[in-house]
Amino acid sequence: TDEIFLTGDFGYQGIGKMKLSPWFAYDQNLGFELGLKEAYFTHFYRSIHFSLGRKIISLGPGRYGQLMLGPLGEGVRTEGLDQFGFDIDWANLQYFKFYAWVPEGEFRMLLGQRLAYQWGALTIGLSEISLQNKEAPWLYYTPLPFFPIYTYQFLADRVFKISNNRAANIAIAADLVWRPKDNLKLYGVYYMDDRPWPRWNDDFSGFTMPQPGENPWRVGYQAGVEIDNFLKQKNLKLYGEYTRIAQFTYTGLNPELTYTYWGRVLGDPLGPDADRLNLEVVKELTADLSVGFSFTQERHGEGEIGDVWTKVPGQTVVFLTGIVEESRAIKVQCQKKYQEWHFGAELGWVFYQNYQNQLGVHHDEINCSLIGTYYWR
C-alpha cells in the first residue's frame, strides 16, 4: 500500500504541561483518515505528576510490544487510552497508577499500576492490571499507591461475596532490565494472565501441586537486547527481541472481561497462540540523519482471543497449537530531523505463508510510506 502519514506534537508549558498529537493519513486503499494519538494535561507537584486525557501508556521494557499494556493498534495509527493517572518519582523508585475508560458496549474500567526500582545496573519492575465491570465494588477505585490489586479481589470475594473473575480480570507481570555496560542493555518479561499454583489443603496438612491439564497456562514472555556501537562501529545500534504468548491469554473467564477495546488488544497486538522475532540495525549518519534495516518474523497458531478453554488431560503450556500463518517482513527506513519537522520514509516487503488450506495460500506485499511529524512548542 502507498501511504502518506502526517502527525503533529503540540505542547504548552505553564502551571503544567499540555500535549496534543493528532494524525492524518492517506492510503490508496483506505482513503483519508483522521485520528487522535494523544491529548492530555500533566500537572507537576514536587515528585508527583498528575495526568488527565488521552495518553499512550506502556507497562514494560519491550521495544516492539508490551505484554501487559501498550498503545492501541499498530504502526502509525497507534492511539492512547482516555485515562486519569499519577506517577511518583522518588530516588531510585518509580511508581505509576492510572484508571482508563474502556467500555465495549457495557461499562468497563481498566486499572493499572507499575512499580520499578533501580539497583545499580539492575532495574526490577512489577506491573499489575485489572479490567473490571459494573459489578466491581468501590474498593477497586481507591487511589491508594503500592496496594496490590489482588487484595481488592480477595476482599470482594470475602466481604461482598463476588466470586473471582466475575467482576474483574487481573493479570500481573515481572520484568528485569540489566545494563552490564554503558552500551549494552538486556531485558526479560514474564506475564501471567492465569496459571496454576500450588495451594494449601483445606485441612492445612500441606500443599497440593496442580495437575497437568487442570488449568490453562495463560502466560507470555519476552526477551530483548540493545547494543550501542555494535561491532565497534560508532553510532551503529542493534535491537533484538523475541516475544511468545500462550493460547487463551488475554481471554477473560467472563466474556465481558476479555482484554480488548473495540477489537484492539490492550496488551501486545501479537495476540495469543503466537510468537514474534524482531531484529533491527540503525546507523546514525549524522545527528539529524539515520538509516535502518529491520527483519520481523511472526507465527500465529489456531488460537484467538475469546477462545474458551476446555479441560484436556495432560495439557500444560500451549503455544502454537498448529501454525495457521507465518509472515516475514523486511524493511528499509530513513529518518531526517529538522528543528520543528521530522521526516521518515519506509520501504518494506512482507511475505505470507498460510497453512491448512487457509484463504490466500501464499501472497506477498510491498509497503511504501512517508511520515512527517511537526513539533510545535
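Just so it is clear, the structure is predicted and the values come from calculations on it, not from any experiment.
- Panel note: side chain Y352, backbone R328; no donor-acceptor pair is recorded below 3.5 Å.
- Taking both residues in full, the closest heavy atoms of A345 and L370 are given as CB-CD1, 4.4 Å, listed atom of the first, atom of the second, then distance.
- Ring-plane geometry between F84 and F50 is classed as parallel, the angle between the planes falling under 30 degrees on a 0 to 90 degree scale with a further cut at 60.
- Aromatic rings from F343 and W341 are positioned such that their centres are separated by under 6.0 Å.
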Going through the distances and angles, do Y239 and V282 end up as a side chain to side chain contact (heavy atoms under 4.5 Å, CB included)?
CA-CA 8 Å; Y239 302 94; V282 177; 4.0 Å; yes
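- Using a 3.5 Å distance cut-off with no hydrogens or angles, the side chains of R114 and S127 do pair a donor with an acceptor.
- Here the CZ-OH distance, from F147 to Y152, works out to 5.5 Å after rounding to the nearest 0.5 Å.
- Between the side chains of S290 and E284, no donor-acceptor pair is found at a separation under 3.5 Å.
- The number of heavy-atom neighbours closer than 6.0 Å to OH of Y45, taken from other residues, nucleotides and ligands shown, is 12 or below.
- In this structure, the side chain of N229 engages the main chain of N235 through a donor-acceptor pair within 3.5 Å.
- Taking the six-membered ring wherever Trp is involved, the centroid distance between the rings of Y190 and Y221 does not fall below 6.0 Å.
- With respect to the salt-bridge test (charged N to carboxylate O, under 4.0 angstrom), the residues K337 and D288 do not qualify.
- Considering OG1 of T258 and OH of Y250, their distance stands at 12.5 Å, rounded to 0.5 Å.
- Among all heavy-atom pairs drawn from D175 and L126, the shortest one is OD2-N, 4.5 Å.
- Judged by distance alone, the side chain of E325 and the main-chain N or O of H300 form no donor-acceptor pair under 3.5 Å.
- Judged by distance alone, with hydrogens and angles left aside, the side-chain atoms of K161 form a donor-acceptor pair with the main-chain N or O of R158 at under 3.5 Å.
- In summary, E74 and R264 do not engage in a salt bridge, as defined by a charged side-chain N under 4.0 Å from a carboxylate O.
- A donor-acceptor pair shorter than 3.5 Å can be found between the side chains of Y187 and E241.
- By the 4.5 Å heavy-atom criterion applied to side chains, L231 and L238 are not counted as neighbours.
- C368 approaches L347 most closely through the heavy-atom pair CB-CD1, 4.1 Å.
- Side-chain atoms of D157 do not come within 3.5 Å of backbone N or O of F154 as any donor-acceptor pair.
- Taking CH2 of W178 as the reference point, atom CG of L122 lies at 8.0 Å (rounded to 0.5 Å).
- With hydrogens and angles disregarded, a donor-acceptor distance shorter than 3.5 Å links the side chain of R54 to the backbone of L36.
- Rounding to the nearest 0.5 angstrom, the gap separating the OG atom in S47 from the CG atom in D87 is 9.5 Å.
- Checked against the 6.0 Å centroid criterion, the rings of H342 and Y375 qualify as a close aromatic pair.
- V177 pairs with exactly one of K185, E226, Q118 by the side-chain contact (heavy atoms from CB on, under 4.5 Å) rule, that one being K185.
- The closest side-chain heavy-atom distance from P71 to Q66 is below 4.5 Å.
- Here the closest heavy-atom approach between residue D193 and residue T249 is recorded as OD2-C, 3.8 Å.
- The residues K19 and E38 are annotated as salt-bridged, a charged nitrogen and a carboxylate oxygen being separated by less than 4.0 angstrom.
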Please test W101 against M109 for side chain to side chain contact (heavy atoms under 4.5 Å, CB included), starting from the C-alpha separation and ending with a verdict.
CA-CA 5 Å; W101 174 246; M109 289 288 290; 3.6 Å; yes
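- Inter-residue side-chain proximity for R276 and Q297 is flagged as unmet; no heavy-atom pair is nearer than 4.5 Å.
- Listed for the D273 side chain is a donor-acceptor partner under 3.5 Å among the backbone atoms of E302.
- When every heavy atom of F319 is checked against every heavy atom of A246, the shortest pair comes out as CE2-N, 3.0 Å.
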Is there a side-chain hydrogen bond (donor to acceptor under 3.5 Å, both in side chains) between E280 and Y64 once you walk through the steps?
CA-CA 11 Å; E280 182 180 3; Y64 304 96; 2.6 Å; yes
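- Here T251 contributes atom OG1 and N254 contributes atom CG; the two are 12.0 Å apart, rounded to the nearest 0.5 Å.
- Between E346 and K331, at least one side-chain nitrogen of the basic residue sits less than 4.0 Å from a carboxylate oxygen of the acidic one, meeting the salt-bridge criterion.
- Judged by the 6.0 Å distance and 45° axis criteria, K134 is not positioned over the aromatic ring of F107.
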Please evaluate residues Q83 and L52 with respect to the criterion side chain to side chain contact (heavy atoms under 4.5 Å, CB included), reporting the C-alpha separation (whole Å), side-chain torsions for both, the decisive distance (0.1 Å), and the verdict.
CA-CA 6 Å; Q83 57 84 50; L52 175 66; 5.8 Å; no
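- Rounded to the nearest 0.5 Å, atoms OH (Y150) and CD1 (I170) are 5.5 Å apart.
- Taking the six-membered ring for Trp and thresholds of 30 and 60 degrees, Y95 and F146 have ring planes inclined between 30 and 60 degrees apart.
- No side-chain heavy atom of Q132 sits less than 4.5 Å from a side-chain heavy atom of R108.
- Minimum interatomic distance between L131 and Y259 (heavy atoms only, all atoms of both residues): CB-CE2, 3.8 Å.
- Across Q233, K181, K234, K237, a single residue satisfies side-chain contact (heavy atoms from CB on, under 4.5 Å) together with D228, and that is K237.
- In this structure a side-chain-to-backbone donor-acceptor pair under 3.5 Å is present from E104 to W262.
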